[in-house]
Amino acid sequence: MVETADKLLVLSANGKVLQQMNPQTGVYEERYFISQAKYPRGRMRSMISVEDWLFIKAMAELEGRTMDYCLILDNQEFTPVYALKNVSLVSAAQRKAYYIRNRNENEAAQVRCLDLASGEDVLLLDESLFDNDSYGSSLSGITYDDANHCLWLIRGSFRGGDLYQYDLMNQTLTLKARPEQIDTYNEQSFVLTPSTQSKLLLGLWQAEDQIGDNVDYYFLEGNQADLLIKDTPGTTSTILTQRGAFTAEFSDWDYAQPFQDYNSPSYRPYSTIYYRSGERKDELFQLDSTNVELVYLPSADLLWLRALDKQSKYPQETWITYLYDLNSGELRTINEETFNIYE
């Protein structure tokens, strides 16, 4: 879900439909369908809203394999304006989209800029310009920094993502930070997270002694790093805000919850919703689900949640949508969607 100036937009649970939601009534109106003729078995997975456009990450089948797309829609009429093929990472500002085109059999991964007004699409750089000693060989993160008119890029991925800065004025690429690799089982990597805030939001992923992984998130401004949240499990659903974060954490990996024996008749898998800030972790409520999506709606101070019903029988899935009022503590069920994952 995304919240624009005048509407709430959400992708259906099966990823086929873009919907507009009324938060008071819970009524959904369909705005856009992904074409199954143009994008076979197409599914929309996530989206961001920037200025007048929606940027939707989608996947479809192409010649027997999965292809990534970035669909760019006008966020008033919901009409497709651009479709970027083999693209899964994008950042946008000032009527321009900066994106990474994944490598293919013939070309290296590229960082490109699309002028959303004129349609001009230019190559900025490709991965051959990066430090050859960088661990890994992929471009796995991109964020536009308005204050410094630059791009922040991650080269590599988990187990060794390095942080680079690309100056858009001088067209220069600089390695800014490389996480220390402590040993085989204790490793670190940088993670870039899209944010509507003026400060750069940077995550530091850490694997710890083969027992799990976590991410610390910081706001960076100049040479100052301010901790937003600490020790967020790598498998957790997380929504980051200026004032902290909200997380949905599965009971089996949540050490703040009582231990449960898998073989016990009383074993109950569930997710706990937390508010987190720095090292603070406040429990809000629990849902009987192992898979929960969540979004914070600042205009109404609500949490929107969609949880997989654990009574679902494969290949059917049922997803239940809730609104949680952070002031009153009221949890309302507003929608239910059931579908066959193969249809």
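None of the values given here were measured: they were computed from a predicted structure. Computation of the quantities below employed the complete heavy-atom set of this structure, encompassing side-chain atoms and omitting hydrogens, waters and symmetry-equivalent molecules. In this chain, residues are counted from 1 in sequence order.
Counted by atom type alone, Thr172 and Asn170 present zero donor-acceptor pairs between their side chains at under 3.5 Å. Side chains of Glu249 and Gln257: no donor on one and acceptor on the other come within 3.5 Å. Looking at Trp53 and Asn75, their side chains never bring a donor and an acceptor atom within 3.5 Å of each other.
Membership of the apolar cluster around Ile320 extends to Ile239, Phe246, Ile273, Tyr275, Leu284, Phe285, Leu287, Val292, Leu294, Tyr296, Leu303, Leu305, Tyr322, Tyr324, Leu326, Leu331, as traced through chained side-chain contacts below 4.5 Å between ILVMFWY residues.
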Donor-acceptor pairs under 3.5 Å, side chain of residues 60-71 to any protein atom, not counting sequence neighbours: which ones?
{"unit_1": "Glu61", "atom_1": "OE2", "unit_2": "Arg41", "atom_2": "NE", "d": "3.4"}

Name every donor-acceptor pair, under 3.5 Å, that has one atom in a side chain of residues 86-102 and the other anywhere in the protein, sequence neighbours excluded.
{"unit_1": "Asn86", "atom_1": "ND2", "unit_2": "Asn102", "atom_2": "O", "d": "2.9"}
{"unit_1": "Ser91", "atom_1": "OG", "unit_2": "Tyr144", "atom_2": "N", "d": "2.9"}
{"unit_1": "Gln94", "atom_1": "NE2", "unit_2": "Asp146", "atom_2": "OD1", "d": "2.7"}
{"unit_1": "Tyr99", "atom_1": "OH", "unit_2": "Arg101", "atom_2": "NH2", "d": "3.4"}
{"unit_1": "Tyr99", "atom_1": "OH", "unit_2": "Arg112", "atom_2": "NE", "d": "3.4"}
{"unit_1": "Tyr99", "atom_1": "OH", "unit_2": "Asp121", "atom_2": "OD1", "d": "3.1"}
{"unit_1": "Tyr99", "atom_1": "OH", "unit_2": "Asp121", "atom_2": "OD2", "d": "2.6"}
{"unit_1": "Asn102", "atom_1": "ND2", "unit_2": "Asn86", "atom_2": "O", "d": "3.4"}

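Hydrophobic clustering (ILVMFWY, side-chain heavy atoms < 4.5 Å, transitive): Met21 and Val295 are in one cluster. In the hydrophobic clustering of ILVMFWY residues, with side-chain heavy atoms under 4.5 Å counting as a link, Val10 and Val17 come out apart. By the rule that hydrophobic residues join a cluster once side-chain heavy atoms approach within less than 4.5 Å of another member, Val27 and Leu9 end up as members of separate clusters. Cluster annotation: Tyr164 is connected to Leu139 through the hydrophobic network of ILVMFWY side chains, with a link wherever side-chain heavy atoms come within less than 4.5 Å.
At distances below 3.5 Å, at least one donor-acceptor pair connects side-chain atoms of Glu127 with backbone N or O atoms of Ala109. Between the side chain of Asn148 and the backbone N or O of Cys150, no donor-acceptor pair lies under 3.5 Å. With Gln165 contributing its side chain and Thr174 its backbone, the two residues share no donor-acceptor pair below 3.5 Å. Judged by distance alone, the side chain of Thr79 and the main-chain N or O of Asp74 form no donor-acceptor pair under 3.5 Å.
Between Asp216 and Lys230, at least one side-chain nitrogen of the basic residue sits less than 4.0 Å from a carboxylate oxygen of the acidic one, meeting the salt-bridge criterion. The pair Arg306-Glu293 meets the salt-bridge criterion, since a charged nitrogen lies less than 4.0 angstrom from a carboxylate oxygen. Ion pairing between Arg268 and Asp288 holds under the 4.0 Å rule for side-chain N and carboxylate O.
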Practice problem: Could you walk me through whether Asn291 and Ser289 pass the side-chain hydrogen bond (donor to acceptor under 3.5 Å, both in side chains) test, one step at a time? | Solution: CA-CA 6 Å; Asn291 192 343; Ser289 176; over 6 Å; no
Exercise. Apply side-chain contact (heavy atoms from CB on, under 4.5 Å) to the pair Val111 and Tyr166, showing each step before the final yes or no.
Key: CA-CA 10 Å; Val111 180; Tyr166 180 75; 6.0 Å; no
Quiz item: When you look at Arg43 and Gln36, which way does the side-chain contact (heavy atoms from CB on, under 4.5 Å) test go after all the steps?
Solution: CA-CA 9 Å; Arg43 298 290 188 274; Gln36 298 300 303; 3.7 Å; yes
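When the ring pair (Phe, Tyr, Trp, His ring centres under 6.0 Å) test is applied to Tyr262, the partners found at least two apart in sequence or on another chain are Tyr267. Take Glu120 and apply the side chain to side chain contact (heavy atoms under 4.5 Å, CB included) test, not counting sequence neighbours, and it matches Asp115, Ser118, Val122.
Listed by first then second residue, pairs satisfying side chain to side chain donor-acceptor pair (under 3.5 Å) with a partner in residues 12-23 read Ser12-Asn14, Gln20-Arg31, not counting sequence neighbours.
In this structure, Leu54 and Tyr32 have side chains that are not in contact, with every pair of non-hydrogen atoms separated by 4.5 Å or more.
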